[in-house]
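Down below is the structure, laid out as C-alpha cells.
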Protein chains: 2
Amino acid sequence: MNSSNDLKQEVTDKYSLRGRVFNRIREDILNGKYKDHEELREVAIGEELGVSRTPVREAFRQLELEGLIQIIPNKGAYVTGIKVKDIKDIYMIRSKLEGLCARWACEHITEEQLEEMEENIFLAEFHASKGHMEQIAELDNRFHNILYESCNSKMLEHLLKDYHQYVWRIRKQSLVTKRGNASNGEHRAIMEAIKEKNPDKAEQLANQHMINAYNNMLSNGFFDDYDDEHQDENQE
Amino acid sequence: MNSSNDLKQEVTDKYSLRGRVFNRIREDILNGKYKDHEELREVAIGEELGVSRTPVREAFRQLELEGLIQIIPNKGAYVTGIKVKDIKDIYMIRSKLEGLCARWACEHITEEQLEEMEENIFLAEFHASKGHMEQIAELDNRFHNILYESCNSKMLEHLLKDYHQYVWRIRKQSLVTKRGNASNGEHRAIMEAIKEKNPDKAEQLANQHMINAYNNMLSNGFFDDYDDEHQDENQE
DNA sequence: GATGGTATGATTGTATACAATTATACGAAA
DNA sequence: TTTCGTATAATTGTATACAATCATACCATC
C-alpha cells in the first residue's frame with residue numbers, strides 16, 4: 001500500500017524539502033550510515049540538511065510507514081535496520097508476486113509493451129556481449145518495470161515496484177552481479193510464455209527467475225558480512 | 001513496507017492528534033464519506049477535528065503512502081478511491097502470500113501458536129452453531145493473525161496484516177458474511193497441514209481459502225453497487 | 001553507600017506565523 | 001465576445017514558538 005513511484009511523486013521528492021529529507025535518510029539507512037537501533041533526532045538532521053523540523057518530521061512519518069524507522073511517541077525515532085533475512089524474504093515474496101504478475105500479463109499486455117520487452121532483451125544481449133555492466137543493470141530494471149506495468153493491476157504494480165526499488169537500493173552499492181547472460185535468457189523465456197498466452201508457464205518461469213536471482217546473490221557472497229556492516233553491536 | 005500494527009503504533013494512534021486524524025480520515029475514505037477525487041483541505045479538516053494543520057499534514061503524508069490519497073505539490077490532496085478491481089487484486093495477492101505464509105509456518109510455528117489456533121477453531125465452531133456473527137468475525141481475524149505471526153517473517157507478517165486490515169475495514173461496514181462454517185473448516189484443514197508439516201498442502205489450502213473468501217463476497221453481491229457508492233460521477 | 005525525589009535540560013507534539021505557489025476574478029485590449 | 005494579463009485570494013510549504021513529555025543529574029534522606 002505504498003507509493004513513491006509515479007512521476008508526480010518524483011517531482012515532489014526532488015523539489016520539496018520533505019522529499020529531499022525523506023530520500024536522504026532512506027539512502028543513509030540503506031547504505032549503512034545510520035546503524036540499527038540508532039536514534040534520529042529531528043533538530044540534528046534538520047541542521048545537517050539545513051532545514052527546520054517540520055519537513056524532517058513529515059519525512060519521519062513516511063519512513064515509519066516504509067518500515068525503515070520506528071517512532072516511539074514522545075521519545076524518538078529509531079532506525080530499523082534491514083537484515084539479511086529480510087532481503088531473503090523479499091525475494092521469496094517477489095517470486096510469488098512476479099509469478100502472479102506474469103500470469104496476469106498474459107491477458108493484459110499490450111502490443112507496445114511486448115515490443116519494448118523484445119527490444120529490451122535484444123539490447124541486453126548486445127550489451128552483455130560487450131560487457132557493459134551499467135547498461136545491463138539498467139535494462140534489467142526496465143524489463144521488470146515493463147512486466148509490472150503490463151499486468152493491469154495498479155495494486156500489484158505498486159507493490160512490486162516498491163520491492164524492486166527497495167532491493168535495488170541495497171544491491172547497487174555492491175558490485176553489479178555478473179549474471180547478465182543467464183538472467184537475460186530467463187527474461188526471454190518469460191516474454192515468450194507471455195506472448196504465447198501461457199499463464200502457467202509464465203508464472204512458473206517468473207517464479208524461478210526470482211529464486212535464481214536470489215541464489216546468485218548468495219553464491220556471489222553478497223551477504224557474507226552484510227549484517228556486520230549494517231547492524232551495531234547489540235544484535236538481537 | 002508499511003507499518004501500523006504493533007502495540008506502540010496503536011497507542012500513538014489513540015493518543016496523539018496525528019494518529020486520530022490519520023485514523024479518522026482513513027475511515028472516512030473507506031466508508032465513502034470522502035468520495036473519489038475529492039480534495040481534502042488541511043484547514044477544513046483541522047477545524048472539523050479541532051486541531052491545527054500540523055497533525056493533519058503529517059497524517060496526509062501517511063495516507064499518501066497507504067495509497068489512499070494523492071498529494072500534488074503545492075496543489076492539494078486528493079482521495080484515491082478504492083475500486084472493486086483493487087479489492088479483487090488484493091484477494092489474489094493475498095492468496096499467493098497466505099500460501100507462502102502457511103508454507104513457512106510449517107517450519108516455524110510454535111507449540112503455543114498451534115494451541116491457540118486449535119482453540120480458535122474450537123471456539124469458532126461453537127459460535128457458529130449459536131449464530132454469533134460478531135464473535136465469528138473476530139475469531140476469523142485472529143486466526144489469520146496467528147498464521148501471519150507464525151511464519152517467522154516480519155516482512156511477510158507486516159504485509160499480510162496491512163492487507164488484512166485494509167479489506168477488513170471495507171468489509172465490516174457491510175453485513176458480516178455468512179460463511180462461518182465453511183471458512184472455519186478450511187481453517188482447520190490449513191492448521192492440520194501445518195501441524196503435519198506438509199508445506200505443499202498447507203500452501204495450496206491457504207491459497208484456495210483466500211480464493212473461496214473472495215468468491216463468497218462476489219456471490220453475496222457485495223460488489224453489486226460498491227463503485228457507485230464510493231466513486232463520484234467522473235469515473236475513469 | 002544506596003535509594004528516592006525533585007529540578008533541570010533535552011526532545012518531541014502541537015499551534016501559529018510567514019513565505020511561496022497556485023487558483024480565481026476582473027478588466028483591458030483585440 | 002474572446003483572450004490575455006494582472007491583482008487578489010486561497011492554499012500549501014516551511015520556520016519558529018510554545019506546551020507536554022521524557023531523560024538526566026544532583027541532592028537529601030535513610
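The structure presented is a predicted model; accordingly, all values stated were derived computationally and were not measured.
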Separation of atom CD1 in A:I71 from atom P in D:dT21, rounded to whole Å: 18 Å

Value in whole Å for how far the P atom of D:dC22 lies from CD1 of A:I72: 11 Å

Any residue meeting side chain to side chain donor-acceptor pair (under 3.5 Å) with B:K75, in chain and number order, not counting sequence neighbours: none

Gap between atoms CZ and P, on A:F22 and D:dG13 respectively (whole Å): 16 Å

Whichever of A:N74 and A:R53 has its nearest DNA chain D nucleotide further upstream toward 5': A:R53

Integer-rounded Å distance: D:dG13 P and A:R57 CZ: 16 Å

Residues that A:D140 engages under salt bridge (Lys or Arg N to Asp or Glu O under 4.0 Å), provided they are two or more places apart: none

A:V51, nearest nucleotide to its side chain (from D:dA15, C:dA15, D:dT12): D:dA15

Value in whole Å for how far the C1' atom of C:dT21 lies from NZ of B:K75: 12 Å

Distance, nearest 0.5 Å, that separates CG of B:L100 from OG of B:S153: 8.0 Å

Salt bridge present between A:K33 and A:E27 (N-O < 4.0 angstrom): no

Nearest-angstrom distance from the residue atom CD1 of B:I45 to P of D:dT12: 9 Å

Selected nucleotide, minimal atom distance to A:R61 side chain, candidates C:dT22, C:dG13, D:dA15: C:dG13

Per B:T54 side chain, nearest of listed nucleotides D:dT11, C:dA15, C:dT22: C:dA15

Separation of C:dG13 P from A:F60 CZ (nearest whole Å): 10 Å

Atom-to-atom span, OH of A:Y78 to P of C:dT11 - whole angstrom: 11 Å

